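See below for the structure under consideration.
First the proteins, then the strands, lettered A, B, ... as listed; each starts at 1. Everything numeric in this text was worked out from a predicted model, so none of it was measured. When reading the values below, keep in mind they use all heavy atoms of this one structure, side chains included, and skip hydrogens, waters and symmetry mates.
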Number of protein chains: 2
Amino acid sequence: MQPLSKSEIKRKALIKATVCLVINNGFHAAPMSKIAKMANVSPGTIYLYFENKQDLINKVYLEIKASFAAHAFKDFNEQMTVEEGFKNIWKQIADFKLMQVDEALFLSQCDNTPMIDEESKKEGIKHLQPLLDLWKRGQEQGVIKNCCHYMLYAYTVYPLAFLMNAKQKKDITINEQYIQDAYLMAWDSIKQSK
Amino acid sequence: MQPLSKSEIKRKALIKATVCLVINNGFHAAPMSKIAKMANVSPGTIYLYFENKQDLINKVYLEIKASFAAHAFKDFNEQMTVEEGFKNIWKQIADFKLMQVDEALFLSQCDNTPMIDEESKKEGIKHLQPLLDLWKRGQEQGVIKNCCHYMLYAYTVYPLAFLMNAKQKKDITINEQYIQDAYLMAWDSIKQSK
DNA sequence: GAAAAATGAATGAACGTTCATTTTTTATAC
DNA sequence: GTATAAAAAATGAACGTTCATTCATTTTTC
């Protein structure tokens, strides 16, 4: 892997600091001065990398969304059966949310608030296209219920946000078995019953 | 119904204004001055009803959560079978989210951000106890999957937030049939398969 | 030593909150 | 009813703070 350039390191540090402050304190309590301090950078420097605070938040969102999607689809290929493919993607998504806790919390916060420009949100959704295509194939083959992809997403991927939130607050502990159970519920909800 | 006192009218107006501004602009762009203006009240008046901004937000959250719960359980009684009872509660929740759109969006924003005190969140959750009891009964009878209630919630009630968000952005339109389909997916995910 | 990157004090706008003043309501008397 | 006075509610200008953003200056890189 190519070593990151110095400015790339700073950019990453700013993104990490933004994520950290936003998920812990909320957008309204994540001032530029604190973001700068946490990233070991002067406030003015942020403006060399981002236009303003809104641009910073939008870019952080898009960057994380892209890395989320990359993770989700990294082992997937279109030769897989629908069920195989779905299981594969779903488990990678769960894995991302378990490993990249802060980033996942950030995304779910963005997706449920007007924090992010509507335009950036639209942009972020595009990354999920392979999953939508897979679902379409599943519906054509009659193995997945015939409903819009919003519904499929709501009952398979979206619930993970709730579970990860609960895990974060230590209301539940998540292990291999828990993930498997959650997967089965996701599949049960969208599979076409014979 | 007893007519609301004048101060109760003002309180309600403040709550409505807070909800409206927060769901449209986010907490960080819902200043007290705007809330006051929208409620036709002077900024200082807010402090006669609430201690400060944080207290305002917490109280709005708790009040709406209570009205949400009241709606959810209004037709439910413990003589119902588990399946009947669940269907009843679930549909009332869907109804609340369809009719009280702003309030529902506010709740989902609160539940996914650090906007609300952790204490108030804990307080808000208590309202759902009858649903948790029902699930417990269902598990004892072997009609509902044996998993923690966080998981049951994540796959039945939580998905509605996603769907309502999509509806709000006019990505989908929701009718009677759509709700019925969503209900069946919720039930499919948590029912114990023979 | 020129160019690029980074700094951080300074700026002005916007915010949450206060409180001296005004308005409205209530209680009491005629 | 009306007048009056005390109490309660509401006001909004003012205050101190914090914030996002800028830019003259300094530091680093090549």
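Aromatic ring pairs are classed by plane angle as parallel below 30°, tilted from 30° to 60° and perpendicular above 60°; the pair A/Phe73 and A/Phe76 is tilted. In this pair, B/Phe96 and B/Phe68 present their aromatic rings perpendicular. The plane angle is above 60°, beyond the 30 to 60° band. Taking the six-membered ring where tryptophan is involved, the planes of A/Phe27 and B/His28 are essentially parallel, since the angle between them stays under 30° and well short of 60°.
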Quiz prompt | Residue pair A/Asp133, A/Gln129: steps toward the side chain to side chain donor-acceptor pair (under 3.5 Å) verdict | solution = CA-CA 6 Å; A/Asp133 293 343; A/Gln129 198 55 49; 3.0 Å; yes

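Protein atom CG of A/Leu21 is 11 Å distant from nucleotide atom P of D/dC19, rounded to whole Å. Between the C1' atom of D/dG12 and the CE atom of B/Met32 lies a distance of 15 Å, rounded to the nearest Å. The interatomic distance linking B/Lys10 (NZ) with D/dA8 (C1') rounds to 12 Å, in whole Å. For the pair B/Glu8 CD and D/dA9 P, the interatomic distance rounds to 13 Å; values are reported in whole Å. Rounded to a whole Å, the CG atom of B/Leu14 is 15 Å from the C1' atom of C/dT17. Atom-to-atom, NE2 of B/His28 to P of C/dA14 comes out at 15 Å; the value is rounded to the nearest Å. Spacing between atom CG of B/Asn25 and atom P of C/dC15 amounts to 11 Å, rounded to whole angstrom units. Going from atom CG of B/Leu56 over to atom C1' of C/dC15 covers 15 Å, rounded to whole Å.
The 5' end of DNA chain D is approached more closely, in terms of each residue's nearest nucleotide, by B/Ser7 than by the other of B/Ser7 and A/Ala30.
In summary, B/Lys145 and A/Asp181 do not engage in a salt bridge, as defined by a charged side-chain N under 4.0 Å from a carboxylate O.
The nucleotide whose nearest atom lies closest to any side-chain atom of B/Thr45 is, among C/dT17, D/dT11, D/dT21, D/dT11.
In the model, A/Gln54 has a side-chain atom that pairs as donor or acceptor with a side-chain atom of A/Asn58 under 3.5 Å. Between the side chains of A/Tyr61 and A/Asp111, at least one donor N or O lies within less than 3.5 Å of an accepting N or O.
Using a 4.0 Å cut-off on heavy atoms, the residues of residues 46-55 of chain A that approach DNA chain D are A/Tyr47, A/Asn52, A/Lys53, listed by number.
Taking only side-chain nitrogens and oxygens, A/Ser42 never comes nearer than 4.0 Å to OP1 or OP2 of C/dA6.
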